[in-house]
Structure formats: C-alpha cells, structure tokens
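Working notes, structure below.
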Amino acid sequence: MSISKSLLKKLALPAFACAPKKTFLSLENTIKLLKISADDRNLKLGKIIHTQLIISNQRKELNLTETNCLINFYAKCGEVSVARKLFDQMPERNVVSFNALMTGYLHKQLPLEVLELFKSMDTWELQPNEYIFATVLASCSDVRALDEGKQCHGHVLKSGLVFHQYVKNALIDMYSRCSDVKAALGVLKMVPGSDILSYNSIITGFLENGHLNEGLEVLREMVDGYLVMDGFTYVTVLGLCAGLKDLKLGMQIHSQILMREVEIDGFVGSSLIDMYGRCGKLLYAKSIFDVLEKRNVVHWTSMMAAYAQKGCFEDALILFLKMELAGVLPNEFTFAVMLNCCAGLSALRSGDLFNSRAEKCGFKAHLIFGNALINMYSKSGSIEDAQRVFLDMGNRNNVTWNAMISGYAHHGLGRQALVVFQQMIASFCVPDYITFVGVLSACGHLGLVDEGFYYLNTLMGKYRLVPGMEHYTCIIRLLGRAGLLDEAEKYMKSTPVQWDVVAWRTLLSACHAHQNISLGKRIADILRGLDSNDVATYILLCNMYAKAKRWDEVANIKKLLRGRGIKKEPGVSWIQVKNKTHVFVSEDKKHLESKKIHQKVDELITQIKMLGYMPDIGIVLHDVGDEQKEEHLSYHSEKLAIAFAVINTPSGAPIHVIKNLRMCDDCHSAVKLIAHVTERKIVVRDANREARQLSIEKPSHLDAVQVTDTGEHACLKTYCWALQHISVGLYSRKLVDGKEFGEALYGSVHQPQSHAYILVSASCLLG
DNA sequence: ATAGGGTTAG
C-alpha cells in the first residue's frame, strides 16, 4: 500500500512502535520514510528503517537508489563517515551518490573532501550535473576559495549549465562572498533571469566584504526591475543601511515592511533594531524591541549593542539583568557586548565577572569573545591581562591582532606593538586600515620618524591601503613627539589632505609640550578658522601659555571664554571599591571621608616631594596667588580618588581610576611618584570620548511632537508627524506621487533628500 | 533518489 508522505510522517514512529515484529514496509514507503528522516534529521527513525531494509531485503545487496537514499540520510544527519562507508562499498555509483555525499561534507565544512570527490568523478566517467556544480560552488564559497571557484566556473561554462538558476546563483554567491565584485556583477548581468535569490546572495556577499556602495547599486537595479523583496532581502538591505548609517533608506525599508504587512519575525526584528541602533536612533530601536512578541537572545543583544553604541553603558548592563530575569540565556555575542560596555566604563571588576560567567558557559574559545576580552582589558588599563588572553587564543583574526597592537600602543609599549605587528605578518594575517593606525601610533611612542613614514608611504601601499585622516594624524603626532614641529607644519601645508580640527590640535598639543609659542599661535589662528567654539582648543592654548608663564595671554583667553559663556567642564574621577563606585570632583569636600582624604593627599605629596617632585604651579585657570594654586592642583579629582583608594584598599592592590578629562602634567608626574612610594600599580584612564548620554534621546527633528515611551511604534509617530506636513491626497495604495511604489523608493535612493521618502513613509499609515 | 540565501561582536 502506498501512503502519502505527510500521513507517513505523522504515523511513522507510533506505527513502528506498535507494529508486530515481522511487519515490513514496502520498498516505496521505505524510500519515503528515509527521505522524511533525512529532512527531519531524525537519526533514530532512519536507523530503524536502515535495519528494516537490511533484514527484509531478499537480495544480497541494496540497489543504487536505496543506497543513495541512505547516503543522503546519513549525510543530512551529520553522520558523514557512515555515508562515506556506504558510498565506498557501492559496486556502482551515479551522480546522485556523489552529490548526496558531497552535501554531507559541505555541511560539515569539509570543502577539501568535496573537491576531492568532484575530481574523482572524472575517473568514474561521470559528468557533473547542475546539482554537483551548485554543491561544489557552495563549498568554494564557504571557505572563500576563489581560485577553485573560478576553475569550477570554467567547467560550468563548458558544460553549458550556467543557465540553471541554482548554478547561476551559486556562482553569484561564490564570487560575492569571495569579494570578487566584478565577477559577481558579471554573472548577475550576463546571465539572464535573476531572481530574488540572486539579488539576496550578491547583496549579502557585498555587505559581508564591506562593498556597501556596490550593494546599494545592486539594490537600485533590483528595485528598478520590480523584484519583490522577501524576508531575506529585508534583513540584508537593513544590514546595508546599518553599515552605511543611512537612516533614511532604513526608514524606507521599514515603511515598506509595514505597508506590505510583512511579518516582523525574529530575523527582520533584530535587523531593524540593529539598523536603528547603528544609525544612532536608540528610541526607534527600543520601540521595535518593545513591541516584539517573542524576544530571543539576538534581540536582547542587539538592543544592548544599541545602548552601548550611544555610550549608555549602564543602561546596557541593566538590560542584561532584565534579560536574565526574562529567562533568556546569553551567548558569546551578548558577552562581547557586555565586555564592550565594561571597557567603556573601565569597569575592570565587572569585566572580570563577565569573563568568568562566559567561561562557565563555554564561550571562552569563541573568537569574538576573546577579541572583546582583549579590548576590555586593554581599555580598562590591564595590558597584562589583555596579553594573557591574546597568548591563550588558538584562533586569531585581524581584529585580534589589531586589538593587541593598539592596546600596546595605547599603553605606551611601542616596541611590543611592533613585535606583534611582525608576528601578524609572519602568520599570514593581512593587516588592514586599523592595523596601521596602531602601528603608526606605536612609532609615535618610540619616536621612529623614518619607520613611520615607511609604514605610511610604502607598506600601506603594498597592502593596497589608502591612508586616511587617522594615519596622517598619527604622523603629525609622531613628528610632534620627536620635536620636529616645523617639519610637521611643513608636512601639513604641503600634503594635499583635508586636515581637520583633531590634526591641528595634535600639533598644537606638541607646541604645548615643546613650548613653541609662536607656532602655537599660528595654529590657534588656523583652528579659529575651522572651528570657532571649541573649548578643548582653548584649554590647550591656555595651558601652553600658562606653562610659559605668559599670564597676559592666559587672561586674554579666559576673558574670551567667559565672554562666550563657555565653562570648563569640572574634573571628575571615579573609582570602584568593593562593588561601589566613588565619585570625586576637583577640590571636592562633600565626600564623607573628605578630611581623611585631604590629609592623605598632603601626606603623599610630602612623601613624593622628597623624591624630587616639584608641584607645577603654572597650569591652573584660577585667578589666585601662587600659594593657593599649589593647593588647588593638589586636590585634582584623580589625586583625591587615589588617596581614597590608598586608604580603603589593601596594600599592594592595584588602583584603577577613570576620569572625564585628560590628566594634567602635574598630576601625571605626581601619580607616577605616588605609585612608586605606595608600591602600587596605578592606572588613570581618561574617558576621552563623547559626553555620555544617560537618557534616551528625543528624535531631533521631532521637537514639536511629544514622544512617549509606552510601547508604541516611535517610527509611526515620525510618520504621523510627516503626515501633518505633506499633502496626502496624492497617495493611493499602489501609486506614490503618480509613480509606482517601487519607483518612489528608487527615486529616493538616488536622491536621499527627495520628498519621495516622506511619501513612502507616510504611505504605510494609510495602507 | 541529489542543490540555494538572513540577525547580534571588534
């Protein structure tokens, strides 16, 4: 009796359980059940059927089809060695046998075996068909084996199978994943009949390899061809928007999803959160997160990443606790984001805790986790721990090497940074843009001018890298450190680079250090032309003049600042002692132990004066006499925090202080000596980053609209706002501004400022 | 009887 597949599936196991011992299935049903077992990855059921086949078979050996089915079954269930045994014992094989086994190797990530089988087909005088090519190309794609993929392409062309949709798409997938943009586009355009899968593959591949603009170009063509996006497309295109930080395009895609009533499933939901998060729209990301019915670990992690990206590290950490309460288990990505938050807060203790938790959960060996760990330890001031993690890592990629190189460079360990760079090259890891930022800054610390220029002008070119502003700024810092200020100025004036405020300020900082007042003045003029209201520049200038005891100039700048209503941000330091964060403001007397702390500061200063410490009296902005100046400097927030830590932590314990501003020269030399007299390791890290936003931002263009946080789609509110400002009459479900919907999207992709974007956005409300 | 694409890290 022949039974339908679905019925078989439903009845299979219970029927087997009840069947009398000598009941055998018909051959036809056996094949069907084997296929079901393969599709469901039901190893148990398949094994039972295999047994039945052997027992019931009157003939000595299984026939070709039966064995092929078995190979397929074992390969799909991950038992590729069993599949191989069956394959090897076959007296006769056909293309199907080969492909079934190849698929097993493909999914086990064993591309060499796939290629080996592909080669051996020739000796069996078997011609590869479209199935074989699709599988072999997928293997090449998986391991980015471009050369093998190209050879396979040649075979495909000879065989004339290039017009098979599967083969064509496999070729596109292989080329785009292997980052061969030209070849991928060639196949897409030369071979007619691209479906949504062709486009999804190519955009995904481009996105993966950072060819974002090319991806956008392909998207344009796709929309132009009126191809309807599916769930995969939305995920990929949202990834593209996130990478390009193109909020407008992202919102258009979101609108289309809403209008077409595409289900926001796990994947689309997380892509939306990620897109809004990476475009800096925390509130939008959260509104998506809030309305999701089921939240998985990716949703939580994407949301945490969105907080972290905005610098709301504490909020992200709180979200982690909420996730735990919701019973969702963290994965390696979650821990990586958490470590990133700890790095942002310099919360070494919390970072250690996450490290332990992750190790217990078995994520220690994950590459992304190790990378995040190196980053956390080095940003939190513990380069030894970073190094330990680095040495322990069995698997390393660019990010790993970069993290270690820039970690060493940041800690002033230029020599080590360059050694690691050499090791990176020796282990055939290709350096990238970020690698050279670290390398050049290491050269800066070591004062290696010639080497710096060699890396910039020669080595970067060898790796086909175009130096960017970060690299040029490193060069300026390098020249500045070496005291070659005039050369630096000459270099800046003669090199056709659009120097920015940071670069000029770098040189100004060198003028401060080397007391080149006249150049400093010239740079101040240039900076004034670039950016008229920058506090950091004025403070640098002020310090430069103060160091030179040019009090007249100091007074001028202070007057200027006062006139513009600019206030210097107060110095704040904080420190974690026994699970509590203690915050200190310069000259703060509010702390409970204030008196004891001030006494300790005085004591420490007396001690280090005996080692030759000379309080710097020239760098304070206060209008007071010299005596008082010394006092003010003594109570800079980091000194207070260190004194507190010396009192409240066991002797010998390391002290980690974080502060908002850059440490002044006086504190720098004082702290070094304090570390010496107290025999402690002291790390002071300045949080040299954008001001932290503690509350969720209001969409800037929506000031007129009350945005509440009650689970409604914040994006819809944006569109409501848009509705009030545009004429709605033009819209019908299919037509926007007299154009097809796709055209409106197309138009706005070409011109991001176009009004079509608002219309498309608005349409989702009406649809 | 054999083949295809997606989310979170730095």
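To find a chain, count down the sequence lines: A is the first, B the second, and so on, and within it residues start at 1.
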Requested in this report: Take A:Asp173 and A:Ile202, measure what side chain to side chain contact (heavy atoms under 4.5 Å, CB included) needs, and give me the verdict at the end.
Outcome: CA-CA 6 Å; A:Asp173 181 78; A:Ile202 198 165; over 6 Å; no
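- B:dT7 atom C1' lies 12 Å from atom CG of A:Leu292, rounded to whole Å.
- For the pair A:Leu117 CG and B:dA3 C1', the interatomic distance rounds to 15 Å; values are reported in whole Å.
- Donor-acceptor pairing under 3.5 Å, judged by distance alone, is present between the side chain of A:Ser270 and the base of B:dT7.
- By the stacking rule of 5.5 Å between ring centres and under 30° between planes, A:Tyr131 stacks on the base of B:dT2.
- Annotation: A:Phe133 is not in aromatic contact with A:His164 [ring centroid separation under 6.0 Å not met].
- At a threshold of 4.0 angstrom between heavy atoms, the contacts of A:Asn397 include nucleobase atoms, whether or not backbone atoms are also involved.
- The interatomic distance linking A:Asn94 (CG) with B:dA1 (P) rounds to 12 Å, in whole Å.
- Atom OH in A:Tyr199 sits about 22 Å away from atom P in B:dG4, given to the nearest Å.
- Ion pairing of A:Lys108 with A:Glu113 is absent here, as no side-chain N (NZ or NE/NH1/NH2) approaches a carboxylate O to less than 4.0 Å.
- Regarding contacts with the backbone of B:dT2, every side-chain N or O of A:His107 stays at 4.0 angstrom or more from both OP1 and OP2.
- Residue A:Asp230 is in base contact, counting any heavy-atom pair closer than 4.0 Å across all strands shown.
- Atom CG in A:Leu137 sits about 15 Å away from atom P in B:dA3, given to the nearest Å.
- Residue A:Ile31 is out of contact with every strand shown, counting any heavy-atom pair closer than 4.0 Å.
- Within 4.0 Å of A:Gly269, counting heavy atoms only, lies no atom of the nucleic acid at all.
- Proximity of A:Arg177 to the phosphate of B:dG6: a side-chain N or O atom is located under 4.0 Å from OP1 or OP2.
- With sequence neighbours excluded, no residue forms a ring-ring contact (aromatic ring centres under 6.0 Å, His included) with A:Phe206.
- In the set B:dG6, B:dG4, B:dA3, the nucleotide with an atom closest to the side chain of A:Leu197 is B:dG4.
- The residue A:Asp265 sits close to a base: some heavy atom pair falls under 4.0 Å.
- A:Arg278 comes within contact range of the sugar-phosphate backbone alone, with a heavy-atom separation under 4.0 Å but no base atom that close.
- Aromatic pair A:Phe98/A:Phe87: ring centres closer than 6.0 Å.
- Atom-to-atom, CG of A:Asn99 to C1' of B:dG4 comes out at 12 Å; the value is rounded to the nearest Å.
- When each of B:dG6, B:dA3, B:dA1 is scored by its nearest atom to the side-chain atoms of A:Thr204, the top-ranked nucleotide is B:dG6.
- No contact: A:Lys379 has no heavy atom under 4.0 Å from any strand.
- An OP1 or OP2 oxygen of B:dT2 is reached within less than 4.0 angstrom by a side-chain nitrogen or oxygen of A:Lys35.
- Close to B:dA3, at under 4.0 Å from its OP1 or OP2, lies a side-chain N or O of A:Lys76.
- Across all strands, A:Asn398 comes closer than 4.0 Å to no nucleic acid atom at all (heavy-atom distances).
- Contact annotation for A:Ala305: backbone-only contact, meaning every heavy-atom pair under 4.0 Å involves sugar-phosphate atoms and none involves a base.
- You'll find the ring centres of A:Tyr175 and A:His153 inside the 6.0 Å limit.
- Distances from the side chain of A:Ser271 to the nucleotides B:dT7, B:dA9, B:dA1 place B:dT7 closest.
- If you check B:dA3, B:dA9, B:dT8 against the side chain of A:Val337, the one that comes closest is B:dA9.
- Within the nucleic acid shown, A:Asp274 comes within 4.0 Å of sugar-phosphate atoms alone, with no base atom in reach, counting heavy atoms only.
- Rounded to whole angstrom, the span from the CG atom of A:Leu161 across to the C1' atom of B:dT2 amounts to 14 Å.
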Result block: side-chain N/O donor-acceptor pairs under 3.5 angstrom for residues 297-305 of chain A, not counting sequence neighbours:
from	atom 1	to	atom 2	distance (Å)
A:His299	ND1	A:Asn296	N	2.9
A:His299	ND1	A:Asn296	OD1	3.0
A:His299	NE2	A:Gly266	O	2.9
A:Thr301	OG1	A:Val297	O	2.6
A:Thr301	OG1	A:Thr334	OG1	3.0
A:Ser302	OG	A:Val298	O	2.7

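- Rounded to whole Å, atom C1' of B:dT8 lies 13 Å from atom CE of A:Met303.
- The nucleotide whose nearest atom lies closest to any side-chain atom of A:Thr301 is, among B:dA3, B:dT8, B:dG4, B:dT8.
- Listed nucleotides: B:dG6, B:dA1, B:dT8. Nearest to the side chain of A:Asn331: B:dT8.
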